[in-house]
Amino acid sequence: LAILLGAGMSIKQAWNRISAQNSNKRSKQKIKMRPVYEEMLVTSHEIQDGVSERIAYQRFGERTGVNEYHRLSRLLVQNMQKGNRSICSILEEEAENAYEQRRLLAKKIGEEAGTKMLIPLMLMMVIVIAIVAVPAVLSF
């Protein structure tokens, strides 16, 4: 979205283009269904059916239920109301923040997986020690 807006498209044009491209790829079965793009397509259809852009973007944020997309919808609505020229830079910052949050979440999940693997590793170590120690004790 930030790239298309930076290229000079309006929010509505960029939104329609993204949802249309995803819809075309889905119809050709090149990609699997992604719920966010389906919600974008619903929003695009709402706008084409006569719902105001502001309301359609607000509904998009409410339907997704994800904080990042809710924040995106607020940014888009705020840009439409106040006319912010730096929307591209704001969207790029949000993309970077979302990427950083995903990276931190993946790191946290990885650390938790390492901790969960500690118990089976300890059990395996006890079994290996028993396999080595039992014949040694029996030989005395």
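V42 pairs with exactly one of E46, E38, M40 by the side chain to side chain contact (heavy atoms under 4.5 Å, CB included) rule, that one being E46. Checked against I11 for a side chain to side chain contact (heavy atoms under 4.5 Å, CB included), the options L4, V77, L75, L76 give a single hit: L76.
Applying the ring-ring contact (aromatic ring centres under 6.0 Å, His included) test to residues at least two apart or on different chains, none of the pairs has a partner in residues 25-52. Applying the ring-ring contact (aromatic ring centres under 6.0 Å, His included) test to residues at least two apart or on different chains, the pairs with a partner in residues 2-26 are W15-Y57, W15-F60.
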For a side-chain contact (heavy atoms from CB on, under 4.5 Å) check, start with the C-alpha distance between N22 and L41, then their side-chain angles and the critical distance, and finish with the verdict.
CA-CA 9 Å; N22 185 65; L41 189 62; over 6 Å; no
Report the C-alpha distance between L104 and K108 in whole Å, list the side-chain angles of each, state the deciding distance to 0.1 Å, and finish with yes or no for side-chain contact (heavy atoms from CB on, under 4.5 Å).
CA-CA 6 Å; L104 291 174; K108 179 182 173 186; over 6 Å; no
side-chain contact (heavy atoms from CB on, under 4.5 Å) for L72 and T64? Distances and angles first, verdict last.
CA-CA 11 Å; L72 171 66; T64 56; over 6 Å; no
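Taking CD of Q58 as the reference point, atom OG of S52 lies at 7.5 Å (rounded to 0.5 Å). Separation of atoms CG (L5) and CD (E92) is listed at 10.0 Å; rounding is to 0.5 Å. Considering CZ of R59 and OG of S73, their distance stands at 13.0 Å, rounded to 0.5 Å.
With respect to the salt-bridge test (charged N to carboxylate O, under 4.0 angstrom), the residues R74 and E94 do not qualify. In this structure, E100 pairs ionically with R103, as a charged nitrogen and a carboxylate oxygen lie closer than 4.0 Å.
For Q13 (side chain) and S10 (main-chain N/O), a donor-acceptor pair under 3.5 Å exists by modelled atom type.
The two residues V51 and A56 make their nearest non-hydrogen contact at CG1-N, 4.0 Å. Of all heavy-atom pairs spanning A130 and P135, the tightest one is O-CD, 4.2 Å. In plain terms, the two heavy atoms of M80 and R54 that are nearest each other are CE-N, 3.8 Å. Summarising the geometry of C88 relative to A2, their closest heavy-atom pair is SG-O, 3.9 Å, with the distance given to 0.1 Å.
A heavy-atom distance below 4.5 Å is found between the side chains of R63 and T43. The shortest side-chain heavy-atom distance between R34 and V36 does not fall under the 4.5 Å cut-off.
Hydrophobic clustering, with ILVMFWY side chains joined whenever heavy atoms are under 4.5 angstrom apart, keeps V134 apart from V128.
Shown here is L138, whose CG atom has more than 12 heavy atoms of other residues, nucleotides or ligands within 6.0 Å. Heavy atoms of other residues, nucleotides or ligands lying less than 6.0 angstrom from CZ of R71 number more than 12.
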